[in-house]
Structure formats: C-alpha cells, structure tokens
2 protein chains.
Amino acid sequence: MAAKPDSQGDDHAPAAGGRDLRWDIIELLFFAYRDFVGDADQELEAFGFGRAHHRVIHFVTRYPGLKVADLLDVLRITKQSLGRVLKQLLDEGYIVQKTGNNDRRQRLLYATPKGEALVAKLAGLQTDRINRAIAGIDPAGVETVRQFLRAMIDRDDPDKVLEAIFGGGRKTRE
Amino acid sequence: MAAKPDSQGDDHAPAAGGRDLRWDIIELLFFAYRDFVGDADQELEAFGFGRAHHRVIHFVTRYPGLKVADLLDVLRITKQSLGRVLKQLLDEGYIVQKTGNNDRRQRLLYATPKGEALVAKLAGLQTDRINRAIAGIDPAGVETVRQFLRAMIDRDDPDKVLEAIFGGGRKTRE
DNA sequence: AAGATACGTCAATATGGCTGACATAAATTT
DNA sequence: AAATTTATGTCAGCCATATTGACGTATCTT
C-alpha cells in the first residue's frame, strides 16, 4: 500500500529546507489539466488533428486577425513547429490568411466557419466540465477561482492575447 | 487590432446552439498551466530530463511503492513510453525498484534521496508560484480553489493516486 | 497443468517539439 | 537609393515522447 499523504501536512517528502510544499495543489493541477485537455483529445482524433491543431485554431478563432508572430508568442513554440500545423489547418480550410492592411508583410489569421464550428464543439466539451466543476460554487467563489488562475500566469512579458485577457492594464509597449 | 472579448459576454464566437461557453476559464487554464509547468522545464534541462521524467519521478517520490501499472494509469501513457523514461531514471540513480513482497512479479518503485531532492526542488518552484497566486486569497477562498480543481477531475475510474488524493471515498474495487 | 497477470523489450511509426540556414517581400533607416 | 531590419515561409535534419503490435519470462491463480 502506498503512503497516503494528507492534504496539508508534509509527511514524508524531502521538503528541501523544511518549507511547506503545496503538493496537493500541484497534483490537483496536474490531474485537472490532464482531464480537461483529455476531453478535446478524443474529438480531435476524429478530425485527424492533435493538441497542437486545437491550440492554434482555438486562438485564431477567439482572436481574429492574430498575426503569425502573435501566435508564436502565445503558444511558445518555434516558427517551424507552428508551420506544419498551421499549413494543415490552412490546406483543410479551417483557417484563412489575409494580408495586413498597414503592413503587407503580415499574414493575419482568421478562422473559417468550419474552423469556428470545430472550436465551438471542443470548447463546449470543456465548458461542460467547467460547469460541472463550479456547480457547487457560488459566484463569489467562481470569481476567486478566476483570480487564482489569473495570478498563476506570468505577466512580466504578456503576449497579445494575454494583454487582451488582462484588459490591457499593463501595456509594456506600443 | 484583434478583437478583445470581455470575460463574460460571448461577442463573436460561434457558440454552437447559442450556449454560453466558458472562454475565459478555458484560456486561463491554458495559460496558468503553461506557466506552471514552465517553471520546472527550465530546471529539468540542466539535468537532461524532460517533462516525462518529471512526472514519473514526482509520483514515485510522492507515492513510494507505486507499481509500474499504477504509474501507467496515472500518466495515461503506454508501457513502452514509460519504459525508456523509467529506465533512464533507474540507470541514473533517481529511482530504485524492489520486488513486491506479496507478489514477486511486481516492481515497486521508490525514489532515492537524489530523486527526492530533484522533486523537492521542482515542487519548490511550483509552490512559489502557487503561493504568489494565493497571496491575496483567504483560507476559505483557497479551499474553494481546491474544490474547483478536485471537481475538474474525472472520478469514474480513479487510479491509485487519485484514490489516495480523494481519501478513498469511492473504492470501485479491492 | 493451464491460464492470467506484471513486467520488459523489440520493431516500426507518428506527432510535435527543436536548431540552423536560407529566401522573399515589404517596411524602415540611413 | 541603398542598406538594414522585420515578418513570414521553407528546407533539412534531429530529438523527445507518444503510439500499436508482438513476443518472452517470471510468477500468481485456478
């Protein structure tokens, strides 16, 4: 039988320097995210797509006109990695590119109705899970959850999407 | 300029069937988890390890005596995928195996002090982020956050670790 | 003795990351 | 106008991590 640590006291782990480590929240985050993305994974298989495709089409749908460079910032991957995935989504008609008005070098990305439909379907699955999770939590509690999640995010160098999410409260440039 | 959806109202997205989708929480989870695992990623590089190694050594440290099969359940990967990563951790002295007492087919996994030290270091980084995130949240609020995360997790077929986390409240077998 | 289980391993394959180099078009700077 | 920088695309190759299917061995169960 494996040891069964309780949620607060550190019972056996090393705890360098004797600090209290937040094992419970660390593991809850792992499992919560595992199951959260698992919802979409199954659906994506039917389309021959993976998580990478989901992330791209999601943010393009949500933030129409996103530049390739913005997407690279958000996803924290390289141009080459994005390239393959983005090309597939373009070829299969989930995304279209438009040349930028001000800067004609830019390729602004837009989801097609087909792309939006896929994103909505996946977001629906994830929304169902979230709604189930907050079913027993009052509005103030849900706001606390949002506050926690927001505070977990690095804000020293926010990408374009994060600036939108955080309401442009800290424009470091432009 | 990209559209900038506010946190509640659905301004442009497809919303299949007109349902309210929880875009805000979906995206907060993405960014929070991205940055949360990012903390460990940098440290891991110095050891020549990746996320896969972290997950394995973490759960072995936390739940000493975990069987290989348990680990497969928790990580949701195949035996073959686990094989290489586990072998590396064994070869490099982060983990040791002991033959099960009752069942000599089992290889029970234990972290060495070296393994525990690495896990503690990584958990320390993640704990720092969590502590920063909950700094402005009262104890009741933190409990709400735990409640939310717990409720995000599938419990229909809990693995051994989840049974421990959830206090064995629903033993489907054994 | 037969079968099931726990684990390990071999072989082949796919996905999604990475680096480095290079090309093009368009904007910006000098 | 020329030089430089920027935004993007692409080629070639490598690495980590995941997959499936098959097979072998030790051990437990029936």
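Note on naming: letters A, B, ... go to the chains in the order of the sequence lines (proteins, then strands), and numbering restarts at 1 for each one.
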### Query
Out of C:dA26, C:dC7, D:dC11, which nucleotide sits closest to the side chain of A:Arg105?
C:dA26
### Task
Would you mind classifying the nucleic acid contact of A:Asn102 as base, sugar-phosphate or nothing, using non-hydrogen atoms under 4.0 angstrom?
sugar-phosphate
### Query
Between B:Leu72 (CG) and D:dT17 (P), how many Å, whole number?
16 Å
### Base of C:dG17 paired with side chain of A:Arg51 (donor-acceptor, under 3.5 Å)
no
### Task
Could you check whether A:Gly83 gets within reach of a base, just the sugar-phosphate, or nothing at all, counting any heavy atom under 4.0 Å?
nothing
### Query
Which is true for A:Lys79 with a 4.0 Å heavy-atom rule: it touches a base, it touches only sugar-phosphate, or it touches nothing?
base
### Query
Quick check: does any side chain N or O of A:Asp35 sit under 3.5 Å from a backbone N or O of B:Asp154, one acting as donor and the other as acceptor?
yes
### Task
Return no unless some side-chain N or O of B:Thr78 is found under 4.0 Å from OP1 or OP2 of D:dA18.
no
#### Entry: A:Gln80 side-chain N/O to D:dA12 phosphate OP1/OP2 under 4.0 Å
no
### Query
Is the distance from OP1 or OP2 of C:dG16 to the nearest side-chain N or O of A:Ser81 less than 4.0 Å?
no
### Query
Hey, does B:Ile95 have a side-chain heavy atom less than 4.5 Å from the side chain of B:Val56?
yes
### Task
Could you tell me whether B:Phe148 and A:Phe148 have their ring centroids closer than 6.0 angstrom?
no
### Task
Mind calculating the distance between CD1 (B:Ile77) and P (C:dG8) to the nearest angstrom?
13 Å
#### Entry: Shortest side-chain distance from B:Val68, nucleotide among D:dT19, C:dC7, C:dA27
C:dC7
### Message
Taking atom types as they are modelled, would you say the side chain of B:Arg107 forms a donor-acceptor pair with the base of D:dA26 within the 3.5 Å cutoff?
### Response
no
#### Entry: Among D:dT20, D:dT27, C:dG16, the one nearest B:Asp103 by side-chain distance
D:dT27
### Query
Looking at D:dT27, does its base get a donor-acceptor pair with the side chain of B:Gln106 below 3.5 Å?
no
### Query
B:Gln97 near the nucleic acid: base, sugar-phosphate alone, or nothing, with a heavy-atom cut-off under 4.0 Å?
sugar-phosphate
### Query
With sequence neighbours left out, what residues match B:Arg51 under salt bridge (Lys or Arg N to Asp or Glu O under 4.0 Å)?
B:Asp41
